[in-house]
Amino acid sequence: MKPVRATACSNIALVKYWGKRTGVPAELNLPAVGSLSMTLDALRTETELCPASADAFWLDGQLVADEQATKVWRHLDRMWSAAGGKGSRPRAEVRSVNHFPTAAGLASSASGFAALTMAAAGAFEADLSAQALSSLARQGSGSAARSIFGGFVRLDRGEAADGSDCRARPIAGADHWPLALLVVQTTAGRKPLGSTSGMEQCRETSPYYPAWVGTSEADLDAAESALLARDLLALGRVVEHSCFKMHACMMATDPPILYWNPTTVAAVQAVWQARAEGEPGFVTIDAGPHVKVLCERARAEALRERLAAVPGVRDVLVATPGPDATVGPLPEASA
Ligand code: 2P0
């Protein structure tokens, strides 16, 4: 086992993943719908993996020993098997740091599991394609499958019972289109309900869930075409439609799920107001209260200023399309 350092960027789904396939092995973590994302340069996780006498997981300088750590060890076991490792997996120390300009409440499981996947593949000297790495990352966390690739990525749902056609593929590179994504932070707190249980609750109780699943493929095709044609208006329409359908589906669960706070709504309205005044931006919201705004890079600063002035907004950061996940040897000084 070699000491390594891996880096992966987070991503934002422009067409959302929400819900898991049923009737297939749960450990494959297969999505009920495909998704389409932009990898974000500004939200990056760096993960170091070294041999050790006992497993230890450090996240942002803190030793973690809860279910998060269990997921990490399970993922390393999975990677050891995929690498063709014989016998029991070597014990490891994992040190992961999220280089997110604003810490609170921003998704890190995508970049976290993508970086861990790359690190384990490097450390265990696994000869795996980017496609295979992406599928393994998905088993750690669905959105992580997309963070293996830079630029714009489509994750297909697939139909095969073994998940072999659930694949992420880059559809355009980071330099395809100078877009920006503003991350409008509306609170410092953590989200109240995790995505995995939120998705299950939706599938089990939301009367809108079948409609959500049934309309996703058309959104994916429309978004991919708009992206390739660099048509912001067409892309933005799908981005907002996918986002609000997902949230409507959540709100219709029993009991309801509402991730928004008053500042979330104020920020959405500020974006729509700006658009009406000729400053085009399009909103999306994940399983949390922050608002993400897609716009052309040239318009990002003007929109950032408007959003920073919305009462309750704590911070606005600007991200642009980011690179592929990477892994390399750990520099001597850190090993
Ligand atoms: C997404 N989200 O497509 C969607 C939109 C949140 C809302 O992927 O259960 O942490 O680990 O596969 O990847 C968050 O879900 O869920 C997510 P698991 P994950 O980005």
Side-chain angles (χ1 to χ4, degrees), residues 8-22 24-40 43 45 67-68 70-72 74-75 78 98 105-117 134-149 152-157 163 166 168 181 183 190-204 206 209 212-213 216-217 219-220 223 238-251 253 257-260 264 283-292 294 319 322:
C9 293
S10 192
N11 70 75
I12 178 78
L14 301 175
V15 177
K16 302 298 191 192
Y17 148 50
W18 192 256
K20 295 177 194 287
R21 267 177 74 187
T22 52
V24 287
E27 65 272 15
L28 291 177
N29 196 30
L30 291 168
V33 294
S35 52
L36 190 150
S37 62
M38 176 171 126
T39 299
L40 304 174
L43 306 178
T45 298
E67 79 203 44
Q68 252 187 314
T70 310
K71 277 183 148 189
V72 167
R74 207 181 301 143
H75 197 59
R78 183 181 288 139
N98 289 320
L106 294 172
S108 57
S109 75
S111 52
F113 276 99
L116 185 65
T117 302
S134 167
S135 296
L136 286 159
R138 185 200 68 231
Q139 294 182 54
S141 188
S143 50
R146 306 184 306 238
S147 273
I148 296 296
F149 300 103
F152 300 87
V153 183
R154 179 166 173 170
L155 175 62
D156 288 314
R157 173 195 190 274
C166 174
L181 186 92
V183 182
R190 289 189 66 79
K191 65 187 176 197
L193 179 69
S195 296
T196 309
S197 34
M199 289 181 199
E200 286 311 285
Q201 191 173 313
C202 252
R203 184 177 58 76
E204 285 164 4
S206 178
Y209 186 76
W212 158 252
V213 172
S216 166
E217 205 62 23
D219 291 346
L220 284 163
V238 186
V239 167
E240 291 195 347
H241 191 45
S242 172
C243 161
F244 284 90
K245 273 192 294 188
M246 179 184 77
H247 284 274
C249 187
M250 294 171 178
M251 287 177 207
T253 64
I257 301 171
L258 180 64
Y259 283 110
W260 307 349
T264 312
V283 296
T284 186
I285 307 167
D286 291 299
H290 308 302
V291 177
K292 328 283 168 67
L294 184 72

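Counting starts at 1 for both ligands and their atoms, following the listed order. Along the sequence shown, the residues carry numbers beginning at 1.
Proximity of Asn29 to ligand 1, defined as any heavy-atom pair under 4.0 Å, is confined to the side chain (atoms from C-beta onward). Counting heavy atoms under 4.0 Å from ligand 1, residue Arg146 touches it through the side chain alone.
Every atom of ligand 1 is numbered from 1 in the order shown, and the set under 4.0 Å from a heavy atom of Lys20 is 9 (O), 12 (O), 18 (P). For ligand 1, the atoms lying closer than 4.0 Å to a non-hydrogen atom of Ser143 are 8 (O), 13 (O), 19 (P). Listed by number with element, the atoms of ligand 1 under 4.0 angstrom from any heavy atom of Ser195 are 14 (C), 15 (O). Interface of Gly142 with ligand 1, defined as ligand atoms under 4.0 Å from a residue heavy atom, comprises 11 (O), 12 (O), 13 (O), 18 (P).
Considering backbone and side-chain atoms alike, Lys71 places every N or O at 3.5 Å or more from each N or O of ligand 1. Looking at ligand 1, you won't find any N or O of Ala13 less than 3.5 Å from one of its N or O atoms. The shortest N/O to N/O separation between Ser109 and ligand 1 falls below 3.5 Å. At least one N or O atom of Tyr17, backbone or side chain, sits closer than 3.5 Å to an N or O atom of ligand 1.
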Return all side-chain donor-acceptor pairs below 3.5 angstrom for residues 29-39, not counting sequence neighbours, or 'none' if the list is empty.
{"unit_1": "Asn29", "atom_1": "OD1", "unit_2": "Lys20", "atom_2": "NZ", "d": "2.6"}
{"unit_1": "Asn29", "atom_1": "ND2", "unit_2": "Arg138", "atom_2": "O", "d": "2.9"}
{"unit_1": "Ser35", "atom_1": "OG", "unit_2": "Arg146", "atom_2": "NH1", "d": "2.8"}
{"unit_1": "Ser37", "atom_1": "OG", "unit_2": "Arg146", "atom_2": "NE", "d": "3.3"}
{"unit_1": "Thr39", "atom_1": "OG1", "unit_2": "Phe149", "atom_2": "O", "d": "2.7"}

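For Ser111 (side chain) and Cys9 (main-chain N/O), no donor-acceptor pair under 3.5 Å exists by modelled atom type.
No hydrogens or angles considered: nothing links the side chains of Thr264 and His290 as a donor-acceptor pair under 3.5 Å.
Contact analysis puts Met199 in contact with ligand 1, with a non-hydrogen atom separation below 4.0 angstrom.
The side-chain heavy atoms of Cys166 and Leu155, taken from C-beta on, include a pair separated by under 4.5 Å. At least one side-chain heavy atom of Leu294 sits less than 4.5 Å from a side-chain heavy atom of Leu14. The shortest distance between side-chain heavy atoms of Asp286 and Lys292 falls below 4.5 Å.
Taking both residues in full, the closest heavy atoms of Ser206 and Cys249 are given as OG-O, 2.8 Å, listed atom of the first, atom of the second, then distance.
With Asp219 as the fixed residue, the salt bridge (Lys or Arg N to Asp or Glu O under 4.0 Å) test singles out one of Lys16, Lys245, Arg154: Lys245.
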